[in-house]
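What follows is one structure encoded as structure tokens, with my remarks underneath.
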Amino acid sequence: MNLPHDPRPEAPPEELNEDLFAAAEGPDTHQLAAEAAENAGQALASSGLLKNLNPEQYAAVTLGQEPALILAGAGSGKTRVLTTRIAWLMQTGQLTPGSVMAVTFTNKASKEMQTRLGAMLPVNVRGMWIGTFHGLCNRFLRAHWKLAGLPQGFQILDASDSVSAIKRVIKAMKLDEERFVPKQVSWFIAGAKEDAQRPGDIEPRDEQTKTLIEIYKAYEDQCQREGVIDFAELMLRSYELMRDNPAVRDHYQRRFSHILVDEFQDTNKLQYAWLKMFAPPGRGQGVMAVGDDDQSIYAFRGARVGNMADFEREYRVKKVIKLEQNYRSYSNILDSANELISRNSRRLGKTLRTDAGPGEPVRVYEAASDFAEAQWLIEEAQALHRAGIDRKEIAVLYRSNAQSRVIESALFNAGIPYRVYGGLRFFERAEVKHALSYLRLLENPNDDTSFLRVVNFPTRGIGARAIELLQDAARMSGRSLYQSVGAVAGKAGSNLQAFTGLIDSTRNLTQGHTLREIIEQILEISGLNEFYRNDKDGAERLENLGELINAAEAFVTQEGFGKDAVALPVDELSPGAISEGFPAAVAPANFTPDAETGEIMSPLAAFLTHASLEAGDNQAQAGQDAVQLMTVHSSKGLEFDAVFITGLEEGLFPHENSMSDSDGLEEERRLMYVAITRARQRLYLAFSQTRMLHGQTRYNVKSRFFDELPEHALKWLTPRNQGFGSGFAKEYQSAWERGSGLKSVVGAGRVEKPAYDTTPVPKSMKQAAAQKVADEHGGLKVGKGVFHTKFGEGVLLTLEGSGADARAQVNFGRHGMKWLALSVAKLTPID
DNA sequence: GGTCGCCTCTTTTTT
DNA sequence: AGAGGCGACC
């Protein structure tokens with residue numbers, strides 16, 4: 001135990017478990033504990049745990065059992081406050097491991113919290129209710145699957161599974177996929193669920209909405225039939241179970257005397273409602289919400305910053321504690337962040353300060369191309385490494401995943417170890433998903449999504465027609481595809497039976513085998529291995545399948561398999577809980593552990609859950625000293641000695657899809673704020689004049705964010721204003737007046753042909769049309785610069801129509817994207 | 001009826 | 001650059 005000044009004798013883990021049971025016994029315990037804390041707290045004031053906390057942190061850590069809202073700026077020691085508070089509450093006897101729930105958003109954050117807490121106290125953090133919203137909901141539903149109306153081994157659909165399930169629904173309903181785009185429908189459904197709305201709760205405003213509601217309903221039925229639930233459903237089911245079952249609700253409200261929620265600004269409506277089920281205002285539990293409105297970056301998926309204000313009001317928070325002292329960055333970095341974020345209008349108000357001094361300037365670099373940007377970045381990173389900075393302390397951030405490619409290949413060619421977070425995650429790779437689908441079918445043959453994914457992969461003579469017949473049969477009888485195989489006659493039918501036979505026999509064959517053996521078997525029997533062995537590009541995929549076996553092995557051994565499953569019998573079935581009159585309906589009868597092993601879940605089922613919930617973030621070689629690559633979103637909560645923010649270009653960052661409304665732009669700004677505040681010592685901002693994206697070249701203008709940073713904190717590594725960012729029309733004019741013209745093409749956006757293609761050959765109708773219009777308007781070329789008397793200079797992005805109808809889409813940078821009628825607008829080409 | 005290969009469209013961010 | 005859709009061929 002590494003708490004040097006613990007006044008109490010060291011408590012053995014068993015004793016803590018005793019406490020754990022006691023914790024479920026009701027408010028009296030809480031009260032006694034609080035009294036004990038009163039005394040202990042004084043003694044602990046100068047102990048190691050509370051040492052070096054600033055006054056605000058101290059106040060937050062040692063707050064009594066009451067609702068609290070902590071406004072915690074970036075780098076203000078938020079995680080430290082959270083973990084120290086839990087540790088302090090436990091040390092002072094106010095809390096037992098079983099009576100606290102700590103919720104985070106990302107797996108990374110919850111792991112971090114567990115690690116830190118584990119280092120402070122000798123507790124089994126795995127058994128504690130520390131996890132992501134979705135992880136905890138999963139745990140909750142595994143415990144109460146029957147009450148929740150789920151099959152015991154329910155599986156979780158990830159985003160892409162969900163979209164393909166919805167696609168099937170749309171097809172089955174014979175709806176037009178153009179009009180009901182599966183992805184958008186998925187959005188609609190997730191959005192409804194996040195507002196706690198079932199199909200019946202949504203108002204059928206118009207025909208479109210009416211149909212969407214029908215799809216939602218059918219999708220629900222389908223998921224229920226197949227025994228699967230999506231991410232949003234995890235939350236919604238848990239919420240509804242709490243809402244509709246007083247006995248369960250009462251149990252958990254008594255059990256958790258303290259609930260801590262991290263990144264509260266990112267909670268959506270449902271998550272807040274969920275929290276209120278576990279700890280309603282006025283129930284007297286200690287609910288601590290920690291958040292930073294300036295770091296709210298998930299509005300796009302339903303996060304409501306307003307939850308912070310609502311929380312303050314509804315829970316009658318006495319005093320909001322603001323953590324504004326930053327311990328991470330030098331002031332040049334902080335000044336930049338502060339200045340930038342001050343442009344946002346809707347803020348709770350908070351300014352970070354530091355005692356660290358100005359530090360180095362923020363370095364700005366302009367590259368000619370994304371390739372050059374990557375090259376420069378690598379040289380700079382190498383220099384940093386030579387100067388003694390660990391590679392893992394160097395982060396490269398970008399707005400969208402697609403940007404990582406260039407950087408990756410440059411790093412690869414230079415032989416620099418790197419690690420990419422996010423992007424195509426391990427469990428999302430096609431071959432891995434195939435393998436997982438086979439595994440899911442072993443566990444639950446009625447999982448139609450998995451069935452369809454692999455029924456004919458590798459090909460085994462089951463085509464679209466056969467599947468259509470099968471789906472019809474299934475629909476008629478209301479059964480799963482697997483159950484309906486017998487209904488299809490002929491060759492196709494026997495092929496289908498061969499497939500289900502393959503699944504069944506593998507299941508029998510591997511009965512009682514280890515997870516590793518099961519996976520090895522299915523890879524062979526399914527023919528996946530053979531398929532990739534014969535595929536000329538299959539080597540890497542085979543490797544990934546091998547990696548899947550490793551991951552399973554690691555999951556079983558190191559990870560201590562089934563933490564969610566194992567944790568349950570211990571604390572759900574605690575004598576305390578039962579003696580407290582925990583209703584029979586949710587008591588042990590609901591657990592049907594494996595007769596032989598006593599496991600609540602099979603290792604396979606647990607592994608599949610793990611694969612859905614943690615898309616394989618930590619599959620990349622952990623521990624190696626590697627440069628860290630990630631999106632700005634996934635960098636939240638992390639910090640590095642040196643940070644490169646790349647691709648700071650209009651249309652990319654801020655992203656073009658967000659620029660239309662001010663809310664979107666403010667979110668982009670918060671995103672930039674998050675990115676900047678990741679850096680401890682060195683911050684680099686880079687942008688590029690051209691960039692290859694989706695196989696096309698884009699011509700870029702530097703991000704408007706450069707104009708929102710304090711000049712004194714910046715140092716331009718390339719000549720300032722060489723590029724064509726803000727106010728470039730003016731620059732253009734002066735350059736024009738000097739008679740030099742402009743050499744480079746400026747502007748931002750997509751162009752129809754590759755940049756360096758000197759002999760353009762129209763590849764599509766669109767291009768051919770563009771070519772035609774260009775001929776009519778001599779000299780205008782897509783991808784080239786144009787000049788407009790009012791808007792100045794821009795880049796021609798699209799040409800459409802002909803004659804009087806001819807239109808042009810031009811990006812005028814500062815003046816934005818515009819569609820112009822060529823019969824009216826006077827556009828002159830610039831070379 | 002199945003398979004293969006060419007064509008098109010796509011992509012913001014995540015549990 | 002990669003996946004899904006569509007048409008031609010087996």
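Note on naming: letters A, B, ... go to the chains in the order of the sequence lines (proteins, then strands), and numbering restarts at 1 for each one.
Between the C1' atom of B/dG2 and the CZ atom of A/Arg460 lies a distance of 15 Å, rounded to the nearest Å. Between A/Leu470 atom CG and B/dG2 atom P there is a gap of 12 Å when expressed in whole angstrom units. Atom P of nucleotide B/dT14 and atom CD of A/Glu667 are separated by 12 Å, given to the nearest angstrom. Rounded to an integer number of Å, the gap from CG of A/Leu638 to P of B/dT14 is 13 Å. The CD atom of A/Glu656 sits 13 Å away from the P atom of B/dT10 (whole-angstrom rounding). Rounded to a whole Å, the NZ atom of A/Lys636 is 11 Å from the P atom of B/dT15. Atom pair A/Arg453:CZ and C/dA3:P shows a separation of 10 Å (rounding to whole Å applied). In this structure, the CD atom of A/Glu194 is 9 Å from the C1' atom of B/dT15, given to the nearest Å.
Candidate nucleotides B/dT15, B/dT14, C/dA3 were compared by shortest atom distance to the side chain of A/Ala159, and B/dT15 ranks first. For A/Arg301, counting side-chain heavy atoms from C-beta on, the closest listed nucleotide (B/dT15, B/dT11, B/dT13) is B/dT15. Of the candidates B/dG2, B/dT13, B/dT15, B/dT15 carries the atom nearest the A/Thr106 side chain, counting heavy atoms from C-beta on. Considering only the side chain of A/Thr459, B/dC4 comes nearest among B/dG1, B/dC4, B/dT13. Listed nucleotides: C/dG5, B/dT15, B/dT13. Nearest to the side chain of A/Lys167: C/dG5. Of the candidate nucleotides B/dT14, B/dG1, C/dA3, B/dT14 has the atom nearest to the side chain of A/His633.
Summary of the strand contacts: A/Ala466 and A/His655 both lie near DNA chain B, and taking for each the nucleotide with the nearest heavy atom, the more 5' one is attributed to A/Ala466. For the pair A/Gly463 and A/Ile297, nearest-nucleotide mapping onto DNA chain B gives the more 5' position to A/Gly463.
Annotation: A/Phe687 is not in aromatic contact with A/Phe653 [ring centroid separation under 6.0 Å not met].
A/Ser634 has no side-chain polar atom (N or O) that falls below the 4.0 Å cut-off from OP1 or OP2 of B/dT13. Distances shorter than 4.0 Å separate none of the side-chain N or O atoms of A/Asn456 from OP1 or OP2 on B/dG2. The phosphate of B/dT11 (OP1 or OP2) has a side-chain N or O of A/Lys183 nearer than 4.0 angstrom. A/Asn401 has a side-chain polar atom (N or O) that falls below the 4.0 Å cut-off from OP1 or OP2 of B/dT14.
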Which side-chain N or O atoms in residues 447-455 of chain A pair as donor and acceptor under 3.5 Å with protein atoms at least two apart or in another chain?
unit_1: A/Asp447; atom_1: OD1; unit_2: A/Thr449; atom_2: N; d: 3.2
unit_1: A/Asp447; atom_1: OD1; unit_2: A/Ser450; atom_2: N; d: 3.1
unit_1: A/Asp447; atom_1: OD2; unit_2: A/Ser450; atom_2: OG; d: 3.0
unit_1: A/Asp448; atom_1: OD1; unit_2: A/Leu481; atom_2: N; d: 3.2
unit_1: A/Thr449; atom_1: OG1; unit_2: A/Arg168; atom_2: NH2; d: 2.6

Item to complete: Apply side-chain contact (heavy atoms from CB on, under 4.5 Å) to the pair A/Tyr216 and A/Val169, showing each step before the final yes or no.
Response: CA-CA 9 Å; A/Tyr216 181 5; A/Val169 173; over 6 Å; no

Item to complete: Go through the steps for A/Thr631 and A/Leu397 under the test side-chain contact (heavy atoms from CB on, under 4.5 Å), then give the verdict.
Response: CA-CA 5 Å; A/Thr631 63; A/Leu397 310 184; over 6 Å; no

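The aromatic ring of A/Tyr298 is not stacked on the base of B/dT13, since the criterion of ring centres less than 5.5 Å apart with planes inclined by under 30° is not met.
Under the salt bridge (Lys or Arg N to Asp or Glu O under 4.0 Å) criterion, A/Arg465 pairs with A/Glu468, sequence neighbours left out.
Side-chain atoms of A/Tyr239 and A/Phe140, non-hydrogen and from C-beta on, never get closer than 4.5 Å to each other.
In this structure, A/Phe133 reaches neither bases nor backbone, as no heavy-atom distance under 4.0 Å exists between it and the strands shown.
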